[in-house]
Structures are given as structure tokens and as C-alpha cells.
Amino acid sequence: MLSLDGTWACSVPSGYTWDQVEPTGTCGSLSYRYRLRTPVNGLWACAIPFGWTYDSIRATSVCGTTGPYQYRLLG
């Protein structure tokens with residue numbers, strides 16, 4: 001299966017999280033695109049994927065309007 005890690009997409013598929021968002025005009029009615037990441041321990045992510053938790057947070061501006069924090073994933 002082809003890994004989507006590090007690619008940009010208009011939505012986040014199951015099994016992935018994201019660590020950056022940016023405005024775009026290429027996603028139709030969606031105005032943002034996301035940089036997809038495969039969840040691994042220690043990854044700083046803007047969203048906590050299903051089945052994962054986190055052990056630290058940090059302030060950031062790269063997660064857009066979803067919040068001012070990233071979470072360090074812990075599986």
C-alpha cells in the first residue's frame with residue numbers, strides 16, 4: 001500500500017493524522033489542505049488519531065483554526 005506520509009490532501013483519511021494546514025484553492029468547497037502523517041510515537045501532530053494518546057503539548061501556529069497546540073503522540 002502506498003504511504004501518504006508527508007503528502008498534502010484535502011481531507012485526512014482513516015489511519016493518518018496531520019501536522020500542518022494551509023489555505024488552498026484546489027480543494028473545491030474546502031478552503032484548507034492538510035499535510036498527512038503516519039502516526040508514530042513522538043510525532044508532533046495537530047490531531048490525535050483514534051487509538052492514540054499524547055504525553056505532551058506545545059503551542060504552535062501551524063495547525064490553523066483547529067487550535068494553537070500540537071500533541072506529541074504516544075501509542
Side-chain angles (χ1 to χ4, degrees):
M1 182 174 162
L2 180 66
S3 173
L4 299 175
D5 188 57
T7 64
W8 290 89
C10 299
S11 61
V12 182
S14 178
Y16 287 89
T17 186
W18 53 282
D19 66 354
Q20 193 172 342
V21 65
E22 67 180 19
T24 183
T26 61
C27 287
S29 62
L30 304 172
S31 53
Y32 294 95
R33 66 180 189 157
Y34 304 89
R35 188 169 72 171
L36 303 179
R37 299 303 308 270
T38 301
V40 293
N41 282 327
L43 174 71
W44 287 98
C46 297
I48 303 163
F50 180 78
W52 288 75
T53 186
Y54 63 94
D55 63 0
S56 186
I57 62 172
R58 68 179 179 188
T60 184
S61 61
V62 299
C63 294
T65 58
T66 61
Y69 300 107
Q70 281 186 320
Y71 306 89
R72 189 170 67 186
L73 298 183
L74 180 64

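All values below were derived from every heavy atom in this structure, side-chain atoms included, with hydrogens, water molecules and symmetry-related copies excluded.
- Note on Val62: it does not cluster hydrophobically with Trp8, by side-chain heavy-atom contacts below 4.5 Å among ILVMFWY residues.
- Considering CG of Leu74 and CG of Asp55, their distance stands at 5.0 Å, rounded to 0.5 Å.
- Put simply, OH on Tyr32 and SG on Cys10 are 13.5 Å apart, with the number rounded to the nearest 0.5 Å.
- Nearest approach of Ser11 to Pro13, heavy atoms of both residues: O-CD, 3.4 Å.
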Taking it one step at a time, do Trp18 and Arg35 satisfy side chain to side chain contact (heavy atoms under 4.5 Å, CB included)?
-> CA-CA 5 Å; Trp18 53 282; Arg35 188 169 72 171; 5.7 Å; no
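- The line from CD of Gln20 to OG of Ser61 is 9.0 Å long, rounded to the nearest 0.5 Å.
- In this structure, Leu30 is not a member of the same hydrophobic cluster as Tyr16, with clusters built from ILVMFWY side-chain heavy atoms closer than 4.5 Å.
- Side-chain contact between Cys46 and Thr60 is absent, with no heavy-atom pair separated by less than 4.5 Å.
- Under the ring pair (Phe, Tyr, Trp, His ring centres under 6.0 Å) criterion, Trp52 pairs with no residue at all, not counting sequence neighbours.
- Interatomic distance, Thr7 OG1 to Leu2 CG, rounded to the nearest 0.5 Å: 8.0 Å.
- The only option from Thr17, Thr53, Val40, Asp19 that meets the side-chain contact (heavy atoms from CB on, under 4.5 Å) definition with Leu73 turns out to be Thr17.
- Between Val12 and Pro49, every side-chain heavy-atom pair lies at or beyond the 4.5 Å cut-off.
- In terms of hydrophobic clustering, with Ile, Leu, Val, Met, Phe, Trp and Tyr side chains grouped at heavy-atom distances under 4.5 Å, Ile57 and Ile48 are assigned to a common cluster.
- No continuous path of ILVMFWY side-chain contacts below 4.5 Å connects Tyr71 to Trp44, so the two sit in separate hydrophobic clusters.
- Judged by distance alone, the side chain of Asn41 and the main-chain N or O of Gly75 form a donor-acceptor pair under 3.5 Å.
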